[in-house]
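To keep things clear, I will list the structure first and then write my remarks on it.
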Protein chains: 2
Amino acid sequence: MRSPSLSIQPTNCHKCRMSALCLPLTLDASSLARLETAIDRRRPLHRNQFIFHAGDRFESLYAIRSGAVKSYCTDSSGSEQVTGFYLPGEIFGWDGIHSNQHRNTTLALETTALCEIPFTRLEELSQNVPKLQQHFMRLMAKEITADQELITLLAKSSAEERVASLLISLSNRLKRQHLSATRFRLPMSRADIGNYLGLTVETVSRVFSRFQSFDLILCDKKEIEIINLPRLTAMASQ
Amino acid sequence: MRSPSLSIQPTNCHKCRMSALCLPLTLDASSLARLETAIDRRRPLHRNQFIFHAGDRFESLYAIRSGAVKSYCTDSSGSEQVTGFYLPGEIFGWDGIHSNQHRNTTLALETTALCEIPFTRLEELSQNVPKLQQHFMRLMAKEITADQELITLLAKSSAEERVASLLISLSNRLKRQHLSATRFRLPMSRADIGNYLGLTVETVSRVFSRFQSFDLILCDKKEIEIINLPRLTAMASQ
DNA sequence: GCAACAATATGATTTGGATCAATTCTGCGT
DNA sequence: ACGCAGAATTGATCCAAATCATATTGTTGC
């Protein structure tokens, strides 16, 4: 079930870019072809469909082609903790590598198209294609970096800083995919945002209201427009 | 500057355990020998000596043989955020892989012996020794898991739960290295603990006092003894 | 179009941890 | 042993966000 539009730009064999895999990746033509065969394009999921559950056997990584995904884990007391939101061009599923079993549950926040990357095939390929191995190490390291940023955020900031940081983060990540950085849909609910940022729904809602009254953002239902990006950025990282 | 006591137990070539590398690792003798040559044992560091600074070029990973290390990063506003404590048998330095440059600064909290593992040599070796590649992927995934646990902790818990969780985490990690799980030295200051857990020094201090008055722990200077491990565990994860 | 329900928003009150302030303890150099 | 600086404890006060309560708005199926 592969697709020719798997976002491999075949213009230049020595500098091909696997945009489904998030970062520029320079591979020779045959490695690229082999990588392509390792990736399955899955039929689109719709809102609230699960990709995997906590406890499931770890088999694949997933790259997002379009849509959005949330990842959460359930602690011993049964309460949920959102651990990440993933946008187009991003890869998730790392959480299963350590124990061969997923720790998080992930689901589609809206209609979402995914590429599935079977991990064993990836490992085999990596052995022959050092570049690919490095690439995946880097992607994993990126996940570590993202997590550590969230830690910094949670450990210190006020409610306003946290919400501002999330908005800026989403904005930057969309920009990287050449999507609008100032006007986009928030695919997740206020409750998800609050859970992710360690705030209550009420607080999130109040912060959005305050931001609107400060003319930092405009918010109509799920559509958000960032009006004063510089000030919001300053707000996020002060 | 390698050492014969590099914690490779040479009893059984097909089931050797690189305890410096944290997880059981089954390798044939020649792979093991090659791995050994890739690891340098460094002379011991003492308290407050740096291993690397944020911004330094990323070259190696580090495994702790003895002692303890703290890792922190400095955000745009100049304030520090402790991102992790590392104990014997643990590996740190992943934060540099993504951009070839460290994001964190790390320093020894006490007299500490390290193994340095040059990353390029590790990558070369991994190509020939698939087991090793898998192994390092898993170690990296472990870092992601640890970070996500901290996120869960920071997003929701009370001061008491946070401190309890840290103590339990330290206890479990020491146990894994066959060190005492109920009586150990806290290598970090209250300020470090507070920073790591997103609490102030005063709050950390108060929580320790409260735990003592509840007969959960005994605390004499840096030496801590966990008296009621089950209850402390319950406290951590409720 | 209209229930019925979920998601948001907003107001009133409470509270856990931050902040400010003052000792006491501990390690360290002389 | 002494003195000093940083670390840790303990107390008093304050405040941001949680909690509780009650609209309001949005969404879905009939």
Side-chain angles (χ1 to χ4, degrees), chain A residues 46-48 70 77 79-82 107 109-111 153-167 185-214 216-224 235 238, chain B residues 46-48 68 70 77 79-82 107-111 153-167 185-214 216-224 235 238:
Chain A
H46 27 274
R47 198 166 131 72
N48 289 331
K70 113 177 152 175
S77 66
S79 56
E80 286 178 9
Q81 171 59 42
V82 175
L107 56 75
L109 287 166
E110 56 191 22
T111 305
L153 193 67
L154 291 174
K156 284 191 308 206
S157 311
S158 68
E160 289 189 0
E161 287 171 68
R162 292 186 196 189
V163 175
S165 293
L166 176 62
L167 295 178
R185 232 177 92 85
L186 287 175
M188 67 295 277
S189 70
R190 299 282 186 272
D192 285 335
I193 295 176
N195 186 301
Y196 179 66
L197 297 176
L199 302 170
T200 57
V201 208
E202 295 95 322
T203 302
V204 174
S205 187
R206 274 183 251 269
V207 171
F208 272 101
S209 301
R210 233 175 298 157
F211 281 178
Q212 290 210 72
S213 72
F214 297 166
L216 288 173
I217 62 172
L218 252 178
C219 202
D220 177 41
K221 323 189 206 179
K222 297 263 171 181
E223 285 292 331
I224 189 170
M235 197 126 224
Q238 56 105 307
Chain B
H46 27 276
R47 199 166 130 74
N48 289 332
K70 113 176 152 176
S77 66
S79 57
E80 284 177 13
Q81 170 60 42
V82 174
L107 56 75
L109 287 166
E110 56 191 22
T111 305
L153 194 67
L154 290 175
K156 283 192 307 212
S157 312
S158 69
E160 290 189 359
E161 287 172 67
R162 292 187 196 189
V163 175
S165 293
L166 176 62
L167 296 179
R185 230 178 92 85
L186 287 175
M188 67 296 277
S189 69
R190 298 283 186 273
D192 285 334
I193 295 177
N195 187 299
Y196 179 67
L197 297 176
L199 302 169
T200 57
V201 208
E202 294 95 322
T203 302
V204 174
S205 187
R206 274 183 252 269
V207 171
F208 272 102
S209 301
R210 231 175 299 157
F211 280 178
Q212 289 210 74
S213 71
F214 297 165
L216 288 172
I217 62 171
L218 251 179
C219 202
D220 178 40
K221 321 188 207 180
K222 298 264 169 177
E223 285 291 330
I224 189 170
M235 196 126 225
Q238 56 105 311

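All values derive from a computational prediction rather than experimental measurement. A note on names: the letters A, B, ... follow the listed sequences, proteins ahead of strands, and every chain is numbered from 1.
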Please examine the side chains of A/Arg162 and A/Tyr196, heavy atoms only from C-beta on, and report whether any two atoms are closer than 4.5 Å.
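Of all side-chain heavy-atom pairs linking A/Arg162 with A/Tyr196, none is under 4.5 Å.
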
Tell me the interatomic distance from [X], atom [atom1], to [N], atom [atom2], rounded to whole angstroms.
X        : N      : atom1 : atom2 : answer
A/Leu186 : C/dA7  : CG    : C1'   : 14 Å
A/Ile193 : C/dA7  : CD1   : P     : 14 Å
B/Arg190 : C/dG27 : CZ    : P     : 12 Å
A/Asp192 : C/dA7  : CG    : P     : 10 Å
A/Asp220 : C/dA9  : CG    : P     : 11 Å
B/Glu223 : C/dC25 : CD    : P     : 20 Å
B/Ile217 : D/dA8  : CD1   : C1'   : 14 Å
B/Glu160 : C/dT15 : CD    : C1'   : 14 Å

Is the backbone N or O of [Y] less than 3.5 Å from a side-chain atom of [X], with the two atoms forming a donor-acceptor pair by type?
X        : Y        : value
A/Arg185 : A/Lys222 : no
A/Arg190 : A/Glu202 : no
A/Asn195 : A/Glu80  : yes

Taking all atoms of both residues into account, what is the closest heavy-atom pair of A/Gln81 and B/Ala155, and its distance?
OE1-CB, 3.2 Å

Stretch residues 196-210 of chain B: residues that reach within less than 4.0 Å of DNA chain C through a heavy atom
B/Gly198, B/Leu199, B/Thr200, B/Glu202, B/Thr203, B/Arg206

So does B/Lys221 get a side-chain nitrogen or oxygen closer than 4.0 Å to the phosphate oxygens (OP1/OP2) of D/dA8?
no

Can you find a side chain N or O atom of A/Lys222 that sits less than 4.0 Å from OP1 or OP2 on C/dT8?
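Looking at the OP1 and OP2 atoms of C/dT8, one of them is under 4.0 Å from a side-chain N or O of A/Lys222.
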
CZ of B/Arg210: more than 12 outside heavy atoms within 6.0 angstrom?
yes

Rounded to the nearest 0.5 Å, how far apart are CE of B/Met235 and OG of B/Ser157?
11.5 Å

When all nucleic acid strands are considered with a 4.0 Å heavy-atom cut-off, which category describes A/Lys156: base, sugar-phosphate, or nothing?
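Counting heavy atoms under 4.0 Å across all strands, no contact is made by A/Lys156.
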
